[in-house]
Amino acid sequence: MTNTIPRVRFAPSPTGLLHVGNARTALYNWLFAHRHGGLFLLRIEDTDLERSEVRYETQLIEDLHWLGLNWDGGPGAEYEPDTGDHGPYRQSERLHIYAEHTERLLAEGKAYRCFCTPEELEAERKHAAATHGSQVYSGRCRNLAQEEIDLNLAAGKQFAVRLRIPDHPLRFNDIVRGPVEFAAETVSDPVLVRSASGASGGVPVYNYVVTIDDALMGITHVIRGDDHISNTPKQVAIYEAFGWPVPQFAHLSTILGPDRERLSKRHGATSISVFRQMGYLPEAMANYLALLGWGAEDGKTETFTLEELVPLFSLERVTASPAIFDFDKLNWLNRHYIKLADPDRIAKLAERQFILQKPGIFPLWSSNELYTAETIALLASLDPPIHLDIPSQEEIAQRKAWLAQLLALFLPKVDYLAQLPVKAAFIFGIDPDAAHADPENSAILSTDSARAVLSELAGRVRAHTGKVTADDFKTWINEIKSATGANGKDLYHPIRIALTGSHSGPEFDKIIPLIEEGAAMGIAIPTVHDRIEQFVGV
RNA sequence: GUCCCCGUCGUCUAGCCCGGCCUAGGACACCGCCCUUUCACGGCGAUAACACGGGUUCAAAUCCCGUCGGGGACGCCA
């Protein structure tokens, strides 16, 4: 065989949202292809007609693109250099191909018809579990006489097609784990094609089609999850039956939750689209996934872009042991990339979180610029005219500047963007009763000094007219300091509680303008005056 | 139960293939200190691991065997 370029594929089934484990598999395939100048294909494994849904395929493609991955063939590919030779890329569209191959195996005696009913097989399995434990198919239909087969067929008996597993050990090379060998006796004759009854009747089975597809698509390296290891000997037998070369395999270890069980929804977010909605950045996600089961050669570098990853990546360096998904480390990377990211991009994403969590604060219009002056004028000139209540460019700019101020204060406090409205909640008002009731707060507020500080503050706030500036506030604090003798925490804590509901938070210099300017531009925020009045009134 | 895979700090990992440079390196988290009215950010620092038992060898995290522990597969699911 001549030197062909490596060809890899990611072959998900569209039966649910893209799980982080599969996303990592996709990423490693992508990295491998790019590292070696190979081709990366996306193939949709939709042979389970009952569970496959188109919307999952659409979502899958979107999630993969979001992560920064692209592919050279398959649905959503940017270009398809070899659709003619290797497509289509949905298994449901390849059924005729599989049928031809089945005929061939049957004719050559490498596969046989199995007339066992599901009930019979179930009983066999139960019996095996109770007695010897090895749940290998008995091979009852393996060597039926031709007359018997004809008789069954004539009687209209349903049959599945099974592969005859050869009697030598089945071996393959795993780049991550080294050579692996299965004794023939431990491998069941796998069903290749389902029997005719049922919704998926007559449809070939995953293990079979995956092998045919991989072979026909010229896949040289099969990179997938390690839950497929025990399928591999069956697939090797299929390659052999057809006389095809067996590709290299690389089985990636499972991703576990903190309790060492397979990562699942009860551990928290597991779907790429959920992380995305929570406000994780794709570069953080990709970087984290790359690190889960792989490490750079220097043993030190941990932050990379996809482009930086490409020349460093190699399957030989992929870890064989299972990895526990560490949300803390993901968060660290996300914070890291939030700091590096273009502020406008973060602002847009942040705004979306506010729109979803605090409707009315950032009306939808501020996040898009769809309405140009021309559009507005055109609509107004119609008969009857349509008037859009659109704020001016200045107003929009104002709000953006205000958001930028807010982000400067709260971005350093969040792990992901959905936390923003929560961390900044006090800006939009506090519950004075709850603030008083908090045990830590009430301890601070119960001193005479605190009472004096707040009454001094209330007096000054009442006497003041117009916007309170950061300088005003600073002056007041100094005055209160000399009037009451309070200093340090005794001085600042009560004031901070009155203003924000908590004794800790960003500096007054930053909070005061944010509150006052926000209120002035029409955002529903209680002013400093209202806050203090309300708080001391309780 | 049978088969397969895996086992270095709490977590992700470097080192393992090609024994000595490993009194085992980095990162996240945790803890402490500094900065700071406070919180966060940032800076500095500390604690912390070769699953266990046998070999082989002058020398083992590294090679061999066994034990234990964890995970996966055993479907006419993918």
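If you're wondering where the values come from, they're calculated on a predicted model, not measured in any experiment. Lettering of chains follows the sequences in order, A, B, ..., and the numbering in each one begins at 1. No hydrogens, no waters, no symmetry mates; every other heavy atom, side chains included, goes into these values.
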5'-most contact on RNA chain B (nearest-nucleotide basis), Gly178(A) vs Leu292(A), goes to Gly178(A)
Expressed in whole Å, how much space separates the C1' atoms belonging to U47(B) and C28(B)? 15 Å
Scanning all shown strands, the Watson-Crick or wobble mate of U2(B) with both distances under 3.5 Å is A73(B)
Open item on the list: Whether the side chain of Asn231(A) and the base of A78(B) hold a donor-acceptor pair under 3.5 Å is what I'd like checked.
Closed with: yes
Euclidean distance for C1', G32(B) against U13(B) (whole angstrom)
25 Å
Checklist entry - Below 4.0 angstrom from OP1 or OP2 of G15(B), is there any side-chain N or O of Arg317(A)? => result yes
Whole-Å distance, Lys339(A) NZ to A40(B) P, equals 14 Å
_What I want to check is whether an N or O donor and acceptor connect the side chain of Lys300(A) with the base of A14(B) at under 3.5 Å._
no
Exercise. Examine C74(B): is either OP1 or OP2 under 4.0 Å from a nitrogen or oxygen in the side chain of Ser230(A)? Give yes or no.
Key: no
Contacts of Tyr239(A) meeting ring-ring contact (aromatic ring centres under 6.0 Å, His included) (sequence neighbours excluded), chain-then-number -> none
| said: Once you measure the plane-to-plane angle for His251(A) and Phe172(A), does it fall in the parallel (<30°), tilted (30-60°) or perpendicular (>60°) bin? | reply: perpendicular
*Please state the C1' separation for the pair C6(B) and U57(B) - nearest whole angstrom.*
27 Å
Glu302(A) CD to A27(B) P, in whole Å, measures 8 Å
- prompt: With distance as the sole criterion, do the side chain of Ser195(A) and the base of C76(B) form a donor-acceptor contact below 3.5 Å?
  reply: yes
Item to complete: Tell me, with the steps shown, if His221(A) and Phe32(A) meet ring-ring contact (aromatic ring centres under 6.0 Å, His included).
Response: CA-CA 9 Å; His221(A) 301 260; Phe32(A) 180 80; 4.7 Å; yes
Here the distance between atom P of G42(B) and atom CG of Leu409(A), to the nearest Å, is 16 Å
Those residues at least two apart in sequence (or on a different chain) that pass ring-ring contact (aromatic ring centres under 6.0 Å, His included) with Tyr208(A) are none
Could you tell me whether Arg224(A) and Asp214(A) have a side-chain N and a carboxylate O separated by less than 4.0 Å?
no
To the nearest angstrom, the CG-C1' distance between Asp174(A) and C6(B) comes to 12 Å
